[in-house]
K.L.:
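Here it is, the structure in full.
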Amino acid sequence: MTKKVIVNADVGKGTINKNIYGHFAEHLGRCIYEGFWVGEDSDIPNTNGIRNDVVEALRNLDIPVLRWPGGCFADEYHWKDGVGPRANRKRMVNTHWGGVIENNHFGTHEFYMLCELLDTEPYINGNVGSGTVQEMSEWVEYMTFNGESPMANWRKEHGKEEPWKLKYFGVGNENWGCGGNMRPQYYADLYRRFQTYVRNYGDNEIFRIAGGANVDDYNWTEVLMREAAHLMDGLSLHYYVHPGGFWNKGPATDFTEDVWDITMEKTLHIEELIEKHGTIMDKYDPEKRIAMIIDEWGAWYDVEPGTNPGFLYQQNTIRDALVAGVSLNIFNEHNDRVQMANIAQTINVIQSMILTDKEKMILTPTYHVFEMYKVHQDAERLNLNIETGSIKVGDKEIPQVSASASKAADGSVTITLCNLDKAESADLAIDLRGKDLENVSGRIITADEMDAHNTFDNPDNVKPEAFNDFQTNGSELTMRLPSKSVLSIRVK
Ligand code: AHR
């Protein structure tokens, strides 16, 4: 049966914040070290220690914002260890992630340099779990104070005369877990206290993000909103898709059809979380001033056999392209509250854009989806209705097709569509109202195998291709969407 999609090109539903297409890079496994940072003396071509190949690839995604240094690492990170001459920087143990030596060669100055190379906005996450108010306060002073002060002077000694700009600052991470195992009342009080000393210096205005709930911990959101809403600009939410549950996640490749379906069902679950946490936020913030910041999301599987279990290195398949496409469609559709999302993590960790092996680098199917979707950044979301068939997953039914549409500043309309079915194609009739169906083009990413992926020997196995297999008739666009596919249709 043909599924009907109605897109009203003349009914705007507000801007899709470009920050929904944000990223996250932690001092975890080979994300920062080897992924971004190879050091100035490396044979791998680099700019002041940062790999040129990954910068070039990531610039093509127009990354709007990058979160750093964690994650769980953030609440163990002492920023003063990571400034000054590298040879003198303290070596510490990354106790949370693999117990490896952290030599602090990548610190604040290097992070800003990376953001400049990527032309992206920094989002820095401070330490509440094991840090002090003074330490957090001084970090902000170090980065943003313009004038005579102990921290500004120290920054200048390290070669940075002018302060940087800092917009996004997270006050702790997962403080219900690795960030201190706190109860919400306790963290709400600490949040109020710590954020007081996160100062706005000069014209630098900080957007303060409170550490939010894990998955469906609605009580956390309730308490934070009740006790501290007036002191925050954003509240985070973390959600990972673990097909077999947290303790038995399952492999990134070589999985069964049932596991494919469960992955899709768990991916769609983020919508319920956004709506339920959003309803609590609405109670205290009906004007929706406070942003929901989904600053960790993605599909998290078992590590690749033979790799360090603390490094969270996993492959990335066409299944992950669907996880990305469906999640981003959902974030777009909730643009009234969701103002930022940061997929975990950019390189070599969990659902990555890029995998590296020494001097080699490959792009993952997830990378390609971010590239195909980048036109949604800061575009006007369009009203969209979809009648889709469903897929049976156990005793539940999930929709077969996910969609989102937006209009860019140049007037072009983009519709992104995902077919979640592992085997069945979907016949679609898209009725585009309020825009002539001229100059239509499409790009698709799909594969025959459920776990099709790219390898260092076969880097282009899964990649987007032109899609012209559609017919136009008046305002209607009909097509057959292959199983396991993400499609982007552009109407100029
Ligand atoms: O992204 C990996 C880890 O997942 C982060 O460090 C932590 O915040 C979350 O539990």
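Worth knowing before you read on, the calculation uses all heavy atoms, side chains too, and leaves out hydrogens, waters and symmetry mates. This one's a predicted model, so the numbers in the text were calculated from it and none came from an experiment.
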K.L.:
Thr263 side chain to Val259 main-chain N or O, any donor-acceptor pair under 3.5 Å?
P.N.:
yes

K.L.:
Decide if atom NZ of Lys4 counts as having more than 12 heavy atoms of other residues, nucleotides or ligands within a radius under 6.0 Å.
P.N.:
yes

K.L.:
If the condition is side-chain hydrogen bond (donor to acceptor under 3.5 Å, both in side chains), which residues does Glu205 pass it with, not counting sequence neighbours?
P.N.:
none

K.L.:
Is there a side-chain contact between Ser488 and Tyr373, using heavy atoms and a 4.5 Å cut-off?
P.N.:
no

K.L.:
Return the minimal non-hydrogen interatomic distance between Asn173 and Cys178, and the atom names on each side.
P.N.:
ND2-SG, 3.9 Å

K.L.:
Is there a donor-acceptor pair under 3.5 Å between the side chain of Gln314 and the backbone N or O of Tyr301?
P.N.:
yes

K.L.:
Say you draw a straight line from CG of Asp357 to CD1 of Ile362; how long is it, rounded to the nearest 0.5 Å?
P.N.:
9.0 Å

K.L.:
Looking at Arg226, I want to see if its CZ is surrounded by more than 12 non-hydrogen atoms of other residues, nucleotides or ligands under 6.0 Å.
P.N.:
yes

K.L.:
Counting N and O atoms only, with roles assigned by atom type, does the side chain of Asp421 sit under 3.5 Å from a partner on the main chain of Ile391, one being a donor and the other an acceptor?
P.N.:
no

K.L.:
Just how far is it from atom OG1 of Thr221 to atom CD1 of Ile280, taken to the nearest 0.5 Å?
P.N.:
5.5 Å

K.L.:
Check Asn17, Ile20, Asn335, Thr416 against His376 for a side-chain contact (heavy atoms from CB on, under 4.5 Å) and give me the one that passes.
P.N.:
Thr416

K.L.:
Would you give the length of the straight line joining atom CG of Leu166 to atom CD of Glu121, rounded to the nearest 0.5 angstrom?
P.N.:
8.5 Å

K.L.:
Taking the six-membered ring for Trp, are the ring centroids of Trp297 and Phe24 within less than 6.0 Å of each other?
P.N.:
no

K.L.:
Test your reading of the model: is there a side-chain donor-acceptor pair from Gln377 to the backbone of Asp62, 3.5 Å cut-off?
P.N.:
yes

K.L.:
Could you check whether any side-chain N or O of Lys435 sits under 3.5 Å from a backbone N or O of Lys407, counting only pairs where one atom can act as donor and the other as acceptor?
P.N.:
no

K.L.:
For Tyr240 and His242, take the angle between the two ring planes, folded into 0 to 90°, and tell me which bin it lands in: parallel under 30, tilted 30 to 60, perpendicular over 60.
P.N.:
parallel

K.L.:
According to salt bridge (Lys or Arg N to Asp or Glu O under 4.0 Å), does anything in residues 318-343 pair up with another residue at least two apart or in another chain? List the pairs.
P.N.:
Asp282-Arg337, Asp285-Arg337, Lys288-Asp336, Glu333-Arg381

K.L.:
Please determine, by modelled atom types, if Asn8 and Asn383 share a side-chain donor-acceptor pair under 3.5 angstrom.
P.N.:
yes

K.L.:
Tyr313 and Asn308: side-chain donor and acceptor closer than 3.5 Å?
P.N.:
no

K.L.:
For Glu257, does its backbone N or O pair with a side-chain atom of Lys422 as donor and acceptor, under 3.5 Å?
P.N.:
no

K.L.:
Using only atom types and a distance under 3.5 Å, with no angle test, would you say the side chain of Asn46 pairs donor to acceptor with the backbone of Asn52?
P.N.:
no

K.L.:
What is the distance from atom CG of Asn181 to atom CG of Asn175, rounded to the nearest 0.5 Å?
P.N.:
10.0 Å

K.L.:
Taking only residues two or more places apart in sequence, or in another chain, which ones meet Trp97 in a ring pair (Phe, Tyr, Trp, His ring centres under 6.0 Å)?
P.N.:
none

K.L.:
Please examine the side chains of Thr256 and Trp260, heavy atoms only from C-beta on, and report whether any two atoms are closer than 4.5 Å.
P.N.:
no

K.L.:
Side-chain contact test, heavy atoms from C-beta onward, threshold under 4.5 Å: evaluate it for Val7 versus Asp431 and give yes or no.
P.N.:
no

K.L.:
Using a 4.5 Å cut-off on heavy atoms from C-beta on, say whether the side chain of Phe456 contacts that of Leu355.
P.N.:
yes

K.L.:
Only pairs at least two apart or in different chains count here, so list each ring-ring contact (aromatic ring centres under 6.0 Å, His included) that has a residue in residues 275-295.
P.N.:
Tyr218-His277

K.L.:
What's the separation between atom CG in Leu66 and atom OG1 in Thr346, rounded to the nearest 0.5 Å?
P.N.:
5.5 Å

K.L.:
Less than 4.0 angstrom from a charged side-chain N to a carboxylate O is my criterion; do Arg289 and Asp233 meet it?
P.N.:
yes

K.L.:
Should Arg67 and Asn125 count as side-chain neighbours, where that means a heavy-atom distance under 4.5 Å?
P.N.:
yes

K.L.:
Do Thr366 and Gln351 have a side chain donor and acceptor closer than 3.5 Å?
P.N.:
yes

K.L.:
Look at the rings of Tyr187 and Trp220 and say which category their plane angle falls in: under 30° parallel, 30 to 60° tilted, over 60° perpendicular.
P.N.:
parallel

K.L.:
Establish, yes or no, whether the cationic atom of Arg30 lies under 6.0 Å from the six-membered ring centre of Phe311 and within 45° of the ring axis.
P.N.:
no

K.L.:
Do the side chain of Asp75 and the main chain of Gly129 share a donor and acceptor less than 3.5 angstrom apart?
P.N.:
yes

K.L.:
Which is it for Glu271 and His334 under the side chain to side chain contact (heavy atoms under 4.5 Å, CB included) test, yes or no, and what are the steps along the way?
P.N.:
CA-CA 9 Å; Glu271 181 146 44; His334 290 82; 2.7 Å; yes

K.L.:
Which atom names give the shortest non-hydrogen contact between Leu382 and Ala9, and what distance separates them?
P.N.:
CD2-O, 3.6 Å

K.L.:
Do Trp68 and Tyr77 make the cut of ring centroids closer than 6.0 angstrom?
P.N.:
yes

K.L.:
Taking atom NZ of Lys266 as the centre, report whether more than 12 heavy atoms of other residues, nucleotides or ligands fall under 6.0 Å from it.
P.N.:
yes

K.L.:
Walk me through it: do Ser475 and Leu432 pass the test side chain to side chain contact (heavy atoms under 4.5 Å, CB included)?
P.N.:
CA-CA 6 Å; Ser475 71; Leu432 181 61; 5.5 Å; no

K.L.:
Are Leu117 and Ile50 packed together at the side-chain level, in the sense that at least one heavy-atom pair is separated by less than 4.5 angstrom?
P.N.:
yes

K.L.:
Please determine whether side chain to side chain contact (heavy atoms under 4.5 Å, CB included) holds for the pair Val440 and Phe470, giving the CA-CA distance in whole Å, both sets of side-chain angles, and the decisive distance to 0.1 Å.
P.N.:
CA-CA 9 Å; Val440 185; Phe470 49 78; 3.7 Å; yes

K.L.:
Looking only at side-chain N and O atoms, does Asn348 offer a donor or acceptor that is under 3.5 Å from a partner on Thr356?
P.N.:
yes

K.L.:
Which pairs, with at least one residue in residues 437-457 and sequence neighbours excluded, count as a side chain to side chain donor-acceptor pair (under 3.5 Å)?
P.N.:
Glu371-Arg443

K.L.:
Is there a salt bridge (Lys or Arg N to Asp or Glu O under 4.0 Å) between Lys283 and Glu222? Walk through the geometry before answering.
P.N.:
CA-CA 9 Å; Lys283 187 166 126 191; Glu222 174 76 36; 2.9 Å; yes

K.L.:
Between Arg51 and Glu34, is there a donor-acceptor pair closer than 3.5 Å when you use the side chain of the first and the backbone of the second?
P.N.:
yes

K.L.:
Over 60° means perpendicular and under 30° means parallel, so classify the ring planes of His27 and Phe73, tilted if in between.
P.N.:
parallel

K.L.:
Is the closest side-chain heavy-atom distance between Leu477 and Gln471 below 4.5 Å?
P.N.:
no

K.L.:
Roughly how far, to the nearest 0.5 Å, is the NE2 atom of His23 from the OG atom of Ser352?
P.N.:
11.0 Å

K.L.:
Determine whether Lys492 and Asp410 satisfy the following criterion, side chain to side chain contact (heavy atoms under 4.5 Å, CB included), listing intermediate values before the conclusion.
P.N.:
CA-CA 8 Å; Lys492 276 204 187 151; Asp410 65 3; over 6 Å; no

K.L.:
Counting C-beta onward and ignoring hydrogens, is there a side-chain heavy-atom pair between Thr2 and Leu428 closer than 4.5 Å?
P.N.:
no

K.L.:
Under 4.0 Å between a side-chain nitrogen and a carboxylate oxygen: does that hold for Lys249 and Asp302?
P.N.:
no

K.L.:
For Lys13, does the NZ atom sit with more than 12 other heavy atoms under 6.0 Å from it, leaving out its own atoms?
P.N.:
no

K.L.:
Can you tell me if Thr279 uses its side chain to pair, donor with acceptor, with the backbone of Glu275 under 3.5 Å?
P.N.:
yes

K.L.:
Listed by chain and number, what are the side-chain hydrogen bond (donor to acceptor under 3.5 Å, both in side chains) partners of Glu380, not counting sequence neighbours?
P.N.:
none

